[in-house]
Amino acid sequence: MSFFAKERITAPPGYSRWLIPPAALCIHLCIGQAYAFSVFNLPMTKLIGITKSAPDDWKLTELGWIFSIAIFFLGTSAAVFGRWVEEGGPRRAMFTAALCFGGGFIVAALGVYLHNIWIIYLGYGVLGGTGLGLGYISPVSTLITWFPDRPGMATGMAIMGFGGGAFIASPLSVWLMDRFSTPTHVGVAEAFLCLGVIYLCFMMVGAWIVRIPAPGWKPEGYVATAQPKRLVTNRHVYVYQALRTPQFWLIWWVLCLNVTAGIGVLGQASAMSQEMFPGRITPAAAAAFVGLMSLFNMAGRFFWASTSDFIGRKNTYFVFFVLGAILYSLVPTVGGIGSIVLFVCCFLVIISMYGGGFATVPAYLKDMFGTRYVGAIHGMLITAWSMAGVFGPVIVNYMREYQIDHGVPKAHAYNITMYVMAFLLVIGFFCNLFISPVHGRHYMPDDAEETVGVTF
């Protein structure tokens, strides 16, 4: 179709590269709703009972799988369709992502209406998760190509939208549920339906305005460094050859462990805050907490990714793992003394680094493997997010349930989990420590670099 043709989306001479980040944000601010899905968890445990859970209502452990399945398919679709995204260009990928993500909400609404959780798994989990993956990676290589002088900042601009999506989605979702709820009905299905239509429209706007640079384009005054830093290359590794390097798998574990430590808590942030401070944090306040975490998730993506342009990607991850492990270890103590302020501060810093890890990793891959196939390599690396999307919520949900079943009060049911998360970050520290430059045998020959493969 001509709408998706490369000629239609190639920028003309003089086109401002600063018009590209808004296109990426149209996508990422929408798919970032995934981080606000926890606001639906408690209402969906009362679809039948309305005011309290009925015997046939779903449990939190069942509902937790919706988020996990979506994140799993995010990583799977990014890995499977990474080359397809690069070869077809960002517009085709963004258009498809809009159909999948918006359609996933509509199918999930049907599942709520029929009270069939498997339809919700299929809709939001499988279809919506596929839209998440395609939408997430579609602007990455485009932005790196437009901003070769500041790749960390460039990816941070786009990916911060994913972290900030919940800042909009959390209060919007609560408002929609309140708007459609009645004394005999919880307005989850209608909220899903509205969100599906809204996100479909805004993501189509991003697909319409995105552009790619003309072949050989460089920013005015930009000159590539002749002698790159130790962990930065100006050569290229073929997409599948990257899988044969230890650096790829070390970065895979760095991302997986960093995400596992944060995503489980983030997925249950609303319920966890209410249970750790019963009677002191209301559902509305918990929704505000989720929104505030989203704001720091978003800001951290831009701040940490931009910082990595100056201190290096490896050093940035060292900060994540050291400071994150300390803060996770402090959470049980903070909860024990009943300090909501310190509890919130700990998690805001943690979530800023969690988001920063996502925004920094594309530039890390660009440094290690070059720019030619960074989008496809990033898509394969996102499988680490898929695994973390299962590991994190499962650890949090099932450890919580185990603690409660053995008589531990809900306010203390997350303590052991926090120590487990801190331990995972310690392992991640050593994975990052062992990352070294890619061996020369993995790089493409100079003549192949000029003739093999295309980015879009």
Side-chain angles (χ1 to χ4, degrees), residues 27 30-48 56-81 84-85 93-138 162 165-166 169 173 176-177 180 185-201 203-204 263-264 267-268 379 382-383 385-394 397-398:
I27 302 296
C30 291
I31 62 176
Q33 182 279 336
Y35 283 142
F37 194 83
S38 66
V39 302
F40 290 109
N41 285 349
L42 290 181
M44 290 175 71
T45 63
K46 304 172 185 177
L47 292 175
I48 296 176
D56 291 334
D57 270 316
W58 297 318
K59 297 180 180 179
L60 277 177
T61 50
E62 295 176 286
L63 295 170
W65 281 104
I66 302 172
F67 182 77
S68 294
I69 293 171
I71 297 301
F72 176 81
F73 275 88
L74 183 159
T76 302
S77 61
V80 172
F81 296 109
W84 179 82
V85 169
M94 291 177 175
F95 181 86
T96 306
L99 294 178
C100 291
F101 190 65
F105 267 105
I106 295 172
V107 174
L110 177 63
V112 173
Y113 178 76
L114 298 176
H115 204 262
N116 188 323
I117 199 167
W118 291 99
I119 296 179
I120 302 177
Y121 289 162
L122 174 64
Y124 190 90
V126 178
L127 185 60
T130 300
L132 286 171
L134 294 177
Y136 189 84
I137 66 172
S138 56
F162 192 91
S173 299
L176 286 171
M177 285 189 288
F180 291 108
H185 175 70
V186 179
V188 174
E190 294 84 353
F192 277 176
L193 187 61
C194 290
L195 289 173
V197 174
I198 292 170
Y199 289 141
L200 175 64
C201 294
M203 292 175 75
M204 287 298 182
I263 201 167
Q268 291 295 341
I382 293 300
T383 55
W385 190 0
S386 297
M387 295 297 101
V390 175
F391 297 151
V394 166
N397 293 335
Y398 285 92

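Just so it is clear, the model here is predicted, and its values are computed rather than measured.
Between Ala36 and Ala169, the closest heavy-atom pair is CB-CB, 3.9 Å. Considering all non-hydrogen atoms of both residues, Leu176 and Ala191 come closest at CB-CB, 3.8 Å. Minimum interatomic distance between Ser173 and Val39 (heavy atoms only, all atoms of both residues): CB-CG2, 3.9 Å. Between Cys30 and Phe101 the shortest heavy-atom distance is O-CE2, 3.5 Å. The shortest heavy-atom contact between Ala109 and Ala189 is CB-O, 3.4 Å. Here the closest non-hydrogen pair linking Gly129 and Ser77 is O-OG, 3.8 Å.
Not counting sequence neighbours, Phe73 has no partner by the ring-ring contact (aromatic ring centres under 6.0 Å, His included) test. Not counting sequence neighbours, the partners of His115 by the ring-ring contact (aromatic ring centres under 6.0 Å, His included) test are Trp58. By the ring-ring contact (aromatic ring centres under 6.0 Å, His included) test, Tyr121 pairs with Trp118, sequence neighbours left out. Evaluation of the side chain to side chain contact (heavy atoms under 4.5 Å, CB included) rule for Leu134 yields Phe81, Trp84, Val85, Thr96, Ala97, Thr130 as partners, not counting sequence neighbours. Legend: residues meeting side chain to side chain contact (heavy atoms under 4.5 Å, CB included) with Val107, ordered by chain and number and at least two apart, are Ile119, Leu127. Residues passing the ring-ring contact (aromatic ring centres under 6.0 Å, His included) test with Phe95 are Phe4, sequence neighbours excluded. Applying the side chain to side chain donor-acceptor pair (under 3.5 Å) rule to Tyr136 yields no partners; only residues at least two apart in sequence or on another chain are considered. Scored by the side chain to side chain contact (heavy atoms under 4.5 Å, CB included) test, Leu122 finds Val126 as partners (sequence neighbours excluded). Residues forming a side chain to side chain donor-acceptor pair (under 3.5 Å) with Thr45 (at least two apart in sequence, or on another chain): none. Partners of Lys59 according to the side chain to side chain contact (heavy atoms under 4.5 Å, CB included) rule, which considers only residues two or more places apart in sequence or in another chain, are Thr61, Glu62.
Heavy atoms from other residues, nucleotides or ligands lying under 6.0 Å from CZ of Phe180 number more than 12.
Looking at heavy atoms from C-beta onward, Phe105 lies out of side-chain contact with Leu200 at the 4.5 angstrom threshold. Side-chain atoms of Ile31 and Met203, non-hydrogen and from C-beta on, do get closer than 4.5 Å to each other. Side-chain contact between Ile106 and Leu193 is present, with at least one heavy-atom pair separated by less than 4.5 Å.
Between atom CG of residue Leu132 and atom CD1 of residue Ile137 there is a gap of 12.0 Å, rounded to the nearest 0.5 Å. Within the model, atoms CZ of Phe40 and CZ of Phe192 stand 5.0 Å from one another, a figure rounded to the nearest 0.5 Å. The OG atom of Ser68 sits 7.5 Å away from atom CD1 of Ile263, with the distance rounded to the nearest 0.5 Å.
For the side chain to side chain contact (heavy atoms under 4.5 Å, CB included) with Pro43, the lone residue among Leu63, Val186, Val112 that qualifies is Val186.
A donor-acceptor pair under 3.5 Å links the side-chain atoms of Asp57 to the main chain of Leu47, judged by distance alone.
Within the structure, side-chain hydrogen bond (donor to acceptor under 3.5 Å, both in side chains) contacts touching residues 189-201 (residues at least two apart or in different chains) are His185-Glu190.
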